[in-house]
Each structure stands twice: as C-alpha cells, then as structure tokens.
Amino acid sequence: MKNSTKIQLGHNGPLVSRLGLGCMRMSSVWGSSTPDETESIATIHEALDRGINFLNTGDFYGAGHSELLVGKAIKGRRDDAFISVKFGAIFHNGHPIGMDLRPVAIKNFINYSLTRLGIDTIDLYQPSRMDNSVPVEDIIGTIADLIKEGKVRTIGVSEITADQLRKANSVYPISALEIGYSLAERQIESELLPAARELGIGVVAFANTAEGLLTGDLKAPLAENDYRNHFSRFQGENLIHNLEKVDVLTQLASDKGCTPTQIAIAWVKEQGDYIMPLVSMSRRSRLPENSAAMNIVFTPEEMNTLTTTFAISAIRGGTYLQR
Ligand SMILES: NC(=O)c1ccc[n+]([C@@H]2O[C@H](COP(=O)([O-])OP(=O)(O)OC[C@H]3O[C@@H](n4cnc5c(N)ncnc54)[C@H](OP(=O)(O)O)[C@@H]3O)[C@@H](O)[C@H]2O)c1
C-alpha cells in the first residue's frame, strides 16, 4: 500500500500511521524518574489529533505504569488509537532478569494488560524477545488462541532473527516486526529487513536516534549520572569517534534547514515504505519537529553521504542492543 502518511502492517493487515509514538519514556526507564504525567497524556492526545495513532507500550514499562497511562489517555478515544503492547520480559527491582513466554504465562499477562489499558482487545500483541525454553509454535500459537478469544487483533514480534521471523510467520501470519534500526545500527539490513520485506511484514523501527547519539545534543564525556555511560558506545574514545560522525549529520541538517533528529528519523523512513519510525516523545514540543521529519527526502548525494559516513560498524561500541 503506497501512502506516505500510513503504513499497512502485514498482508491485509491494519492501516496505521507511518510515524509511531513510543510511550516507553513516559515511565521510569533505566532508573530515570517518571516524566510529568499530564504532559505525557497531552502528548498522546496531540499525537492522536495529528493522526499519529500507533501507540507503543509494554506491560513491563514502568512495571505497568505505561499501560495505565496509555489507558487514561485513550479513555473516550479508543477508536482513534492503535495499541501495540509488548510482554514477556520479567524484571526485578527495575532490572531485566529473563523472559517468561510459557502459554500459561501469556494467558495470564494479557488479562492484566487489558485491565490496565481499560480495553477489550489489544491491536498488536508481541513478545518483547523470544524465550528459547519455549517452542516458537507454542508462543505464537498461544497468541493466535487469544485472537480467537477476541483479546488480540494481530501478532507482532520484537528483536528476533530472520530465522525466528520465518518460523513465527509459518505458525501464524506476523503483522509487524519491532526492531532497533538507525544510521548507527544497520546490521539488520543484510538478513532481517529483506526477510520482513519478502514476507510482507511491517517493520516498526525504534531507537532511530540511537539512545540520543544522533540528536546532535551530546558532548563528550557524558554527565556522570547519565545511564548511557553503561554502554560502550558512549564511553571514552568511542564517544569521541562517534560524535565526529554525528558532526557530518549535524552539518547536513544545517545545510537542509532541519535538525539532526529529523535527518535520523527521515533516513529510517526512507529505507522502505514497509518501515515505520517509532519515536519516543513524552512532551508535546517534540511532535511538530518529529512529524515534519516524515516529509524530508534526500538527494542521491545526501543519501550517499549518510550511508557512507554511517556505514555498517562505523559507529563504535554497543548499547543494550548488541548485534
Ligand atoms: N522492542 C524493543 O526492544 C524496544 C526497545 C526500546 C524501545 N522500544 C520502543 O520504541 C520507542 C522508541 O525507542 P527509544 O526511546 O529507545 O528511542 P528514540 O525514539 O530514539 O528516543 C530516544 C530519545 O530521543 C528523544 N527525542 C525524541 N525526539 C527528539 C528530538 N526531536 N530532539 C531531541 N531528542 C528527541 C526522546 O526524548 P523525550 O522523551 O524527552 O521527548 C528520547 O528520550 C520506545 O518508546 C518504545 O516504545 C522498543
């Protein structure tokens, strides 16, 4: 389906906004404090008003806080929103300690999510990672059973390999693949993206700014209390090297009269009409800038500058998305 403001998730799947709103950072993540709830809810409302209907949350974001918040925001506006929920990650004291995708666990998790969100059906339900101790058939088969029960509309997957994607799709048609993708994180271009495209699966691409690296706002070294200090990408010489790459992005943005973040989002969008940039925004002031990024296109020369400066592995060090 060719439509610059919409994207179809999977064969005959739902048509949703091409830009997605990530709600993760509206809750406490990586030890951060919870942002102002009133502003977060106002951000969701303004996004819906703008036609950005794809809202992404997870039952473990803020230990249920995110779903409660999204539930409050969509009260009275259920039909305006498309709700995507991740599940299965188990946390202890804010730290991930494993996955639980046993069928009994999935059948339990869904009810809590529906209650917190205050809805009858989740539009896109997806395990946040795979759990090697449970066969893919059982994981996807259980979600397919939830579709029959009317609790789920479509199935997604997140951060999986091309082989896992093919396997999952053979059990039940997968509508969307949620995956970290940016100028700084291009390893999925060799196998996973072609597999999604071939299978007709929509790609929901998150971390377009690579933990803020591509916003052009960072200076080395980061503040001592910055959570990104835990990731090698933001440490010592790696950060200095990486920020030199970002200087090219910043210059290109300045030449085009836009911001580095807009370039980072637009580049993801330009990688294919089956790809949705999913961007975290927890304040309304982000919406005009990030929405306008969806109208940016590149000349062949600009695209060449970006793809050569940010060739695969040009950015040194990793984040929690070790590829
Ligand atoms: N499947 C998975 O494993 C997985 C993992 C992580 C995230 N996700 C989903 O993907 C969404 C996006 O991921 P993400 O948060 O990692 O990456 P992101 O969208 O690149 O966001 C990172 C940061 O960029 C900031 N930002 C947004 N617009 C900006 C702008 N115009 N200028 C400067 N900074 C800007 C946001 O700040 P503000 O919040 O202050 O606006 C946010 O803190 C999440 O909300 C979540 O729903 C999925």
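Here, residue 1 is the first one in the sequence, and each next residue gets the next number. Just so you know, these numbers come straight off a predicted model, no measurement behind them. First listed ligand is number 1; within each ligand, the first listed atom is number 1.
Annotation: ring-ring contact (aromatic ring centres under 6.0 Å, His included) contacts of Phe87 (sequence neighbours excluded): Tyr125.
Under 4.0 Å from any atom of ligand 1, one finds heavy atoms of residues Gly22, Cys23, Met24, Arg25, Asn56, Tyr61, Lys86, Arg129, Ser158, Glu159, Glu178, Phe206, Ala207, Asn208, Thr209, Glu211, Thr215, Asp217, Thr261, Leu278, Val279, Ser280, Met281, Ser282, Arg283, Arg286, Glu289, Asn290, Tyr320.
The hydrophobic cluster containing Ile122 does not contain Leu68, counting ILVMFWY residues as joined when their side-chain heavy atoms lie under 4.5 angstrom apart, directly or transitively.
Shown are Ile83, Leu19, Val204; of these, the side chain to side chain contact (heavy atoms under 4.5 Å, CB included) with Phe54 is made only by Val204.
Note on Glu211 versus Arg25: salt bridge recorded, some NZ/NE/NH1/NH2 to OD/OE distance being below 4.0 Å. Looking at Asp100 and Arg102, a side-chain N of the basic residue comes within less than 4.0 Å of a carboxylate O on the acidic one, giving a salt bridge.
Residue Tyr112 places its OH atom among 12 or fewer non-hydrogen atoms of other residues, nucleotides or ligands, all under 6.0 Å distant.
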